[in-house]
Structure formats: C-alpha cells, structure tokens
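Below, chain A is the first sequence line, B the second, and so on; all start at residue 1.
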Protein chains: 2
Amino acid sequence: MTKTEKTNKKIKATPEPTLRRLPRYLHLLKFLRETGDKSVSSTYIAKELGFDPTQVRKDIEYTGIVGRPKTGFNIVELISSIEEFLNWKNITDAFLVGTGSLGTAMLGYGRFKDYGLNFVAAFDNNEMKIGKTIHETPVLSMEKLVDLAKRMHINIGVITVPAFAAQHSADLLIEGGIRAIWNFAPIHLKVPEGVLVENAQLTQSLAVLTHKLADAISKD
Amino acid sequence: MTKTEKTNKKIKATPEPTLRRLPRYLHLLKFLRETGDKSVSSTYIAKELGFDPTQVRKDIEYTGIVGRPKTGFNIVELISSIEEFLNWKNITDAFLVGTGSLGTAMLGYGRFKDYGLNFVAAFDNNEMKIGKTIHETPVLSMEKLVDLAKRMHINIGVITVPAFAAQHSADLLIEGGIRAIWNFAPIHLKVPEGVLVENAQLTQSLAVLTHKLADAISKD
DNA sequence: TAGATTGTTAATCGATTAACAATC
DNA sequence: TAGATTGTTAATCGATTAACAATC
C-alpha cells in the first residue's frame, strides 16, 4: 500500500452488526446505572452478553468515547455516547401508517421517545378510525398524508399495513418527502435512491428460530 | 488439505443471513404464484430484491431443491422447499407470555400458522385478564405455566412482557421444558445450554434506521 | 443449435477474534 | 509497583461475489 492510499482511506460507515449490538449494550448499561455502578469494562459487558471483549471495544470505539486502562468506561458517559451516536437524543417526528393491531400496539408502547422516535400522527383508510385518537395520537385520512408530511418536514415513516397496501403507503410517504421507512409489512419495498428502508420483519426472526429448533430436535 | 479432511467435512449449519433471506424469497414467490408464473430464475429473484444472483442460488441450495438450467426453479416446488426447510409446514404449539399491547397484537395477527406457529395459550399476572380470551386464545395465570408446558410438551415460548419481568418469564418457560424462546423484551436472557433464544428486538432494527438517517442528513 | 441459467469452485471482502504494547 | 484493561495491529474466519464449465 502506498502512503497516499493509506492517507486517503475514507471514513468507513459503521457496520450493521455493530449498530445492532449497540442497543444491547445500552440496555445493560442502563441496568448497571440503576445499581449505582460508576464504570464498566468491555470484558464485563462481553461476558454478560456473550460477546467477544475485543468486539465490544471496537463497537464502543465507533461511538467516539475513550476508556481508561484498568478501570474501563464511565457508564453515564458511555450511555450518553451511544445514545448520541444512534441519534436517540434528538427526538424525530414520525408518521405511522396502518392502525391495525400492530400499529395500535406501537402507538401504545409509549417508550419510543427513549429511542428518538415520536409519533405525531397515524394514518388509516378505515372511516371508523379517522378522527379518533389512539393512545393520544390522532388518526387521519390517508388523503392528508402527503401534504402533511411535506408541511411538517417528516423524515421517518413507519409502515404497519397489510402486505398488499405496503407499497402504496411507501409511495405516499416518499411523495411526502420522507427519508427513511421502518417497514413491518412482509414485502420488499421499491424505493428511489436515497430513501432508507429498514425491514423489521418478524418472519425473518421467526425463520431463524423455527429452523434451528427443528435442527436441534432432529439431533435428539 | 488431506483426503481425510476433505471427506470428513461436516455438514455446515445454515448461515443466519441465509435463514433471514429465505422468508423474503418466500414472500416474493407467493406473489409470483398468484400471477400464474410457473418458474423463476435466481437472476430474477436477485434483481427484484436487490441481492446477488449467486447468493440467491446458494441460499436456495440449502433448502435442497435443484433447478434447471435455462428455466430456473419451479415456483410451487421452491415455495414448498423453503417452507419445509424452515419447518413451517409442521405447526408448532407455542405459549405467549405477557398480554400487553404487543402480546395482544401478536395473538390478533392470525397469520402465524403460515409460519408454523400456533398460540395455544397466553399467560399474564393481571387478574382482569385471566380467564378471558384474546382473539380466541385463553389467558391463564402464570402459576399454571410450568405444569401446562410440561403436560403439553410445548417447545416454543414467546416473551412479550416488560423488561423487568422477562428473565422470570424465561425461567418459568425453561422449567416447563421449553426448547426455544422468541424474546421481544429489550434484555439479554440468561438461559442454560441447549435453549435457543432469538431476539426480535425492535430497538436493534430502529438503531440501524436512526443512525443511518442521521448520517445521511448530516451529508446533505 | 445458441443462449440463458444452474451448480460449483476460486477470489474477494468484511467482520470477528487473537495478540500485545501502552497505560492507568 | 503490579496487574488489569484499553487501543490497535495482525490473523483468522466466514460470507459474499466473481468466474466458468455443465446443461437444458
């Protein structure tokens, strides 16, 4: 490798596995904070969650914090660092599309503000639901989605409609200028370049479980 | 590598990324089946879902099906092969612990049988809920969980309780002989060797979304 | 047949794990 | 100080992607 190549190495994007592990550290750290501990080592976190200590240190390094040899990381600082890194300190307004059982459950969860998300409005086609509120979030007609998203500069849309309606919901959100979609429908959304889609598909998780279980049982 | 090593290579477990992609193929294939198509190529699947064709072929290979050069894979056979591989054809009885908003939503989903899961009972501590049914699933007292799990030989437990109650719920399920836990609580469960845990933690998915979005916006 | 697609091996890429000097 | 832990580089591992002969 030439010196130039070495110098020009661009800042790498955070690996997704790292991003997925950070919330797990966060939950453990918040628990430790409760117990009054002041600092924690990567060794401890790793043992507690079943990871490799080096991996934990590398993950933490991405968030920008530095630890101290011998003592480890300051818990309060580390929590702050991770939350900052995931952008969970700036509460982002979001639209939710589809107020079925899952959508209703999400509106009722009430803890999404801890994860930087605030549902300002929900949308549905069902006349019975429009005009009402679900856990204090107003339910509006789908027809209002595009304009309202534009006016409010909404960046995040959450799709909890049935599969057949998901692409249309996505299209509307995108027309409204949304930048990121959290998709719960079991379908691949087609979106233009620049729009982020994160699939929270339960069936993917379930597939891992059922296959591994069948595998384990077959070995009994 | 010696000849012996080559011969003794053990059957590798399916990589998790493969297991997570299979349901995505399945959803697409079911859609294609509706349209009347008879066969599909890995090239087409890859283009449709944004994957690499070779990857699609390798994934499909794990399920044991073989395709035909020039034409590709028979859609009906491929659907069957994937469902078989994920063990979604044998409906497995499952217990659900925690009938809050998420638990209720899951009981109401009604499609889990398509994914090999059948909720035979739900459990809660709330006296108001015990004895009732939620979407036709009876809600029972937590005190009945262990015995009933043993008697019914339940293999899968789904945890939808708040974080503070999750470990206790897991302990009960394990005492009842459960083999696999689908965990929705934002906490790391400690389980004995041999018990599978699959975390369906929404916060992990959300972390990916919020970090990438913040990253994208900062580059505007 | 010609050409598209499979099945499979090899090359690449990226993430995980090991090793260890620096440091508190 | 001695020893535990960090930060970082190197080695390993495994998954993805490229290449291509076999085949329908």
Side-chain angles (χ1 to χ4, degrees), chain A residues 1 3 5-7 9-22 24-25 29 32 37-75 77-78 81-82 204 207-208 211, chain B residues 1 3 5-7 9-22 24-25 29 32 37-75 77-78 81-82 204 207-208 211:
Chain A
M1 194 190 286
K3 200 176 252 178
E5 277 174 301
K6 210 167 192 173
T7 315
K9 72 172 176 192
K10 50 182 161 184
I11 304 127
K12 273 187 297 186
T14 315
E16 277 201 25
T18 294
L19 291 174
R20 287 183 196 282
R21 282 189 296 265
L22 289 175
R24 304 191 61 176
Y25 302 157
L29 291 164
L32 294 174
D37 292 4
K38 292 294 170 231
S39 63
V40 67
S41 70
S42 60
T43 323
Y44 181 84
I45 295 175
K47 193 179 293 176
E48 204 63 19
L49 302 181
F51 296 139
D52 183 278
T54 307
Q55 184 171 68
V56 174
R57 283 201 292 282
K58 282 216 164 172
D59 287 344
I60 288 174
E61 203 190 347
Y62 278 102
T63 72
I65 205 175
V66 290
R68 307 177 69 210
K70 172 91 171 152
T71 47
F73 299 86
N74 179 288
I75 289 176
E77 277 179 25
L78 187 46
S81 182
I82 294 174
Q204 293 178 26
V208 177
H211 174 78
Chain B
M1 194 190 287
K3 200 175 252 177
E5 277 175 300
K6 211 167 191 171
T7 316
K9 73 173 173 189
K10 50 182 161 184
I11 304 127
K12 272 188 296 185
T14 316
E16 275 201 27
T18 294
L19 292 174
R20 288 184 195 282
R21 281 188 296 266
L22 289 175
R24 304 190 62 176
Y25 303 156
L29 291 163
L32 293 175
D37 293 4
K38 292 296 171 227
S39 63
V40 67
S41 70
S42 59
T43 323
Y44 180 84
I45 296 175
K47 192 179 292 174
E48 204 63 18
L49 302 181
F51 297 138
D52 184 278
T54 306
Q55 183 171 69
V56 174
R57 282 201 294 283
K58 282 216 164 175
D59 287 344
I60 287 174
E61 203 190 347
Y62 277 102
T63 73
I65 205 175
V66 290
R68 306 179 70 211
K70 172 90 172 153
T71 49
F73 300 85
N74 179 289
I75 289 177
E77 277 179 25
L78 187 47
S81 182
I82 294 175
Q204 293 179 27
V208 177
H211 173 79

Under 4.0 Å, counting only non-hydrogen atoms across every strand here, what does A/S41 touch: a base, just sugar-phosphate, or nothing?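 Touches sugar-phosphate only.
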
For a quick check of understanding: with a heavy-atom distance under 4.0 Å over all strands, which category does B/S42 fall into, base, sugar-phosphate or nothing?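 Sugar-phosphate: the residue B/S42, judged by heavy atoms under 4.0 Å, touches backbone atoms but no base.
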
Nearest non-hydrogen partners of A/I75 and A/L29, listed with the distance: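 Closest heavy-atom pair between A/I75 and A/L29: CG2-O, 3.7 Å.
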
Contact summary for A/S39 and A/T71, nearest pair of heavy atoms: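 Scanning both residues, the minimum pair turns out to be OG-O, 3.7 Å.
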
Hey, what do you get for [atom1] ([X]) to [atom2] ([Y]), rounding to the nearest 0.5 Å?
{"X": "B/L32", "Y": "B/Y44", "atom1": "CG", "atom2": "OH", "answer": "5.0 Å"}
{"X": "A/K47", "Y": "A/T43", "atom1": "NZ", "atom2": "OG1", "answer": "7.5 Å"}
{"X": "B/R24", "Y": "B/E48", "atom1": "CZ", "atom2": "CD", "answer": "11.5 Å"}
{"X": "A/L19", "Y": "A/T14", "atom1": "CG", "atom2": "OG1", "answer": "5.0 Å"}
{"X": "A/I45", "Y": "A/Q55", "atom1": "CD1", "atom2": "CD", "answer": "12.0 Å"}
{"X": "B/I82", "Y": "B/L22", "atom1": "CD1", "atom2": "CG", "answer": "5.5 Å"}

Is A/R20 close enough to C/dA15 that one of its side-chain N or O atoms is under 4.0 Å from OP1 or OP2 there?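 So the side-chain polar atoms of A/R20 never come under 4.0 Å of the phosphate oxygens OP1 or OP2 of C/dA15.
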
With respect to the phosphate group of C/dA4, does any side-chain polar atom (N or O) of B/T43 fall under 4.0 Å of OP1 or OP2?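 Answer no for this pair, as no side-chain N or O of B/T43 is under 4.0 Å from OP1 or OP2.
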
Gap between atoms [atom1] and [atom2], on [X] and [N] respectively (whole Å):
{"X": "A/Q55", "N": "C/dA15", "atom1": "CD", "atom2": "C1'", "result": "8 Å"}
{"X": "A/I45", "N": "D/dA4", "atom1": "CD1", "atom2": "C1'", "result": "16 Å"}
{"X": "B/F51", "N": "D/dA18", "atom1": "CZ", "atom2": "P", "result": "15 Å"}
{"X": "B/E16", "N": "C/dA15", "atom1": "CD", "atom2": "P", "result": "16 Å"}
{"X": "B/K70", "N": "C/dT1", "atom1": "NZ", "atom2": "P", "result": "14 Å"}
{"X": "B/D52", "N": "D/dA19", "atom1": "CG", "atom2": "P", "result": "11 Å"}
{"X": "A/L78", "N": "D/dG7", "atom1": "CG", "atom2": "C1'", "result": "15 Å"}

Can you list the stems that include DNA chain D, where a stem is three or more consecutive Watson-Crick or G-U pairs with distances under 3.5 Å?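 Ordered by first number, the stems with DNA chain D (at least 3 consecutive pairs each) read C:3-24 with D:3-24.
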
Pairs of donor and acceptor atoms involving the side chains of residues 59-67 of chain B, under 3.5 Å and at least two apart or interchain, shall be tabulated with distances.
| unit_1 | atom_1 | unit_2 | atom_2 | d |
| --- | --- | --- | --- | --- |
| B/D59 | OD1 | B/T18 | OG1 | 2.8 |
| B/D59 | OD1 | B/R21 | NH2 | 3.2 |
| B/D59 | OD2 | B/R21 | NE | 2.6 |
| B/D59 | OD2 | B/R21 | NH2 | 3.3 |
| B/D59 | OD2 | B/Y25 | OH | 2.6 |
| B/T63 | OG1 | B/I60 | O | 2.7 |
| B/T63 | OG1 | B/S81 | OG | 2.9 |

Nearest to the A/F73 side chain among D/dT23, D/dG7, C/dC24, which nucleotide is it?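 Of all the options, the side chain of A/F73 is nearest to D/dG7.
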
Heavy atoms from C-beta onward define the side chain here; which of D/dG3, C/dT6, C/dT16 lies closest to that of B/P69?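 So the side chain of B/P69 is nearest to C/dT6.
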
What parts of residues 57-68 of chain B reach DNA chain C, counting only heavy atoms under 4.0 Å away?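 By residue number: B/R57, B/K58, B/E61, B/V66, B/G67, B/R68.
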
